[in-house]
Amino acid sequence: QVQLVESGGGLVQPGGSLRLSCAASGNIFSINVMGWYRQAPGKQRELVAQITSGGITNYADSVKGRFTISRDNAKNTVYLQMNSLKPEDTAVYYCSLVISSRYWGQGTQVTVSS
């Protein structure tokens, strides 16, 4: 089985920063893509950022220039550095990876508020 554990969420003021991390464990041999999604109350889950095993990244237009995704393949860990946070970034952030199937973490709450 594969388990994903997110951490790093919390309450920050607008303009602040957070770094989310996601550690994958279990029967992992080769991970093609790791990514971050988010879901606000009453809204659809949406892609925030993803990174391939070769280091190619993609970002949602709404976060480009503010968020940075990275991965440590040796530790099977993916990170999301979030800078210049806005209230509209408030959501539960979910880690996901693709091996032969897609796996999801439990999510970590990010709240941006004064």
Side-chain angles (χ1 to χ4, degrees):
Q1 294 183 333
V2 175
Q3 184 176 11
L4 303 175
V5 180
E6 301 101 327
S7 63
L11 174 64
V12 298
Q13 296 183 168
S17 298
L18 286 173
R19 191 176 85 147
L20 307 183
S21 64
C22 172
S25 62
N27 297 325
I28 301 172
F29 297 94
S30 180
I31 303 174
N32 185 22
V33 180
M34 301 186 78
W36 290 94
Y37 292 71
R38 66 185 181 187
Q39 187 168 24
K43 304 296 183 180
Q44 297 283 89
R45 187 173 298 186
E46 64 177 353
L47 175 69
V48 177
Q50 65 179 43
I51 184 168
T52 70
S53 59
I56 300 173
T57 59
N58 287 304
Y59 297 92
D61 289 341
S62 60
V63 307
K64 191 171 295 184
R66 299 187 297 120
F67 292 9
T68 302
I69 188 170
S70 61
R71 65 190 291 174
D72 185 336
N73 290 333
K75 297 181 179 180
N76 291 321
T77 301
V78 64
Y79 305 92
L80 185 68
Q81 179 66 46
M82 304 185 294
N83 299 327
S84 302
L85 283 161
K86 304 175 180 179
E88 50 263 44
D89 294 319
T90 297
V92 177
Y93 284 70
Y94 297 90
C95 175
S96 181
L97 66 82
V98 178
I99 305 174
S100 60
S101 300
R102 182 175 293 279
Y103 298 88
W104 294 94
Q106 83 289 345
T108 183
Q109 176 69 48
V110 172
T111 303
V112 186
S113 176
S114 61

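Basis for what follows: all heavy atoms, side chains included, without hydrogens, waters or symmetry-related copies.
Because its NZ or CZ atom is not both nearer than 6.0 Å to the ring centre of Trp36 and within 45° of the ring axis, Arg38 does not count as a cation-pi partner of that residue.
Remark: side-chain polar atoms of Glu6 are paired, donor with acceptor, to backbone N or O of Cys95 under 3.5 angstrom. With hydrogens and angles disregarded, no donor-acceptor distance shorter than 3.5 Å links the side chain of Thr52 to the backbone of Val33. With hydrogens and angles ignored, the 3.5 Å screen pairs no side-chain donor or acceptor of Thr68 with any backbone N or O of Gln81.
Leu20 contributes atom CG, which lies 8.0 Å from atom CZ of Phe67 (distance to the nearest 0.5 angstrom). The structure places CG of Asp89 at 7.0 Å from OG of Ser62, a figure rounded to the nearest 0.5 Å. The line from CD1 of Ile28 to CD of Gln3 is 9.5 Å long, rounded to the nearest 0.5 Å. Taking CG of Leu47 as the start and CZ of Arg45 as the end, the distance is 11.5 Å to the nearest 0.5 Å. To the nearest 0.5 angstrom, Tyr93 atom OH is 12.0 Å from Gln39 atom CD.
Summarising the geometry of Ile99 relative to Asn27, their closest heavy-atom pair is CD1-O, 4.4 Å, with the distance given to 0.1 Å. When all heavy atoms are compared, the tightest approach of Ala24 to Leu4 is CB-CD2, 3.3 Å. Nearest heavy-atom pair, Thr90 versus Gln109, reported as atom, atom and distance to 0.1 Å: CG2-NE2, 4.0 Å. For the residue pair Asn32 and Arg71, the shortest heavy atom distance occurs at O-NH1, 3.6 Å. Tyr94 approaches Gly105 most closely through the heavy-atom pair CD2-O, 3.6 Å. The minimum heavy-atom distance linking Leu18 with Leu85 is given by the pair N-CD1, 3.9 Å.
For the residue pair Arg66 and Ser84, no side-chain donor N or O sits within less than 3.5 Å of a side-chain acceptor on the partner.
By the criterion of side-chain heavy atoms lying less than 4.5 angstrom apart, applied directly or through intervening Ile, Leu, Val, Met, Phe, Trp or Tyr residues, Val5 is not grouped with Ile69; the two fall into different hydrophobic clusters. Linking ILVMFWY side-chain heavy atoms closer than 4.5 Å, directly or via other members, places Tyr103 and Tyr37 in two distinct hydrophobic clusters. The hydrophobic clustering, which links ILVMFWY residues whose side-chain heavy atoms are closer than 4.5 Å, places Met34 and Val98 apart.
Between Tyr79 and Asp72 the shortest side-chain heavy-atom distance falls below 4.5 Å. In this structure, Val12 and Ser17 have side chains that are not in contact, with every pair of non-hydrogen atoms separated by 4.5 Å or more. Met82 places a side-chain heavy atom less than 4.5 Å from the side chain of Val110.
Residues that satisfy the side chain to side chain donor-acceptor pair (under 3.5 Å) test with Asn76, not counting sequence neighbours, are absent from this structure.
The 12-atom threshold is exceeded at CD of Glu88, counting heavy atoms of other residues, nucleotides or ligands nearer than 6.0 Å.
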Might you work through the side-chain contact (heavy atoms from CB on, under 4.5 Å) test for Leu11 and Ser113, ending with a clear yes or no?
CA-CA 7 Å; Leu11 174 64; Ser113 176; 4.2 Å; yes
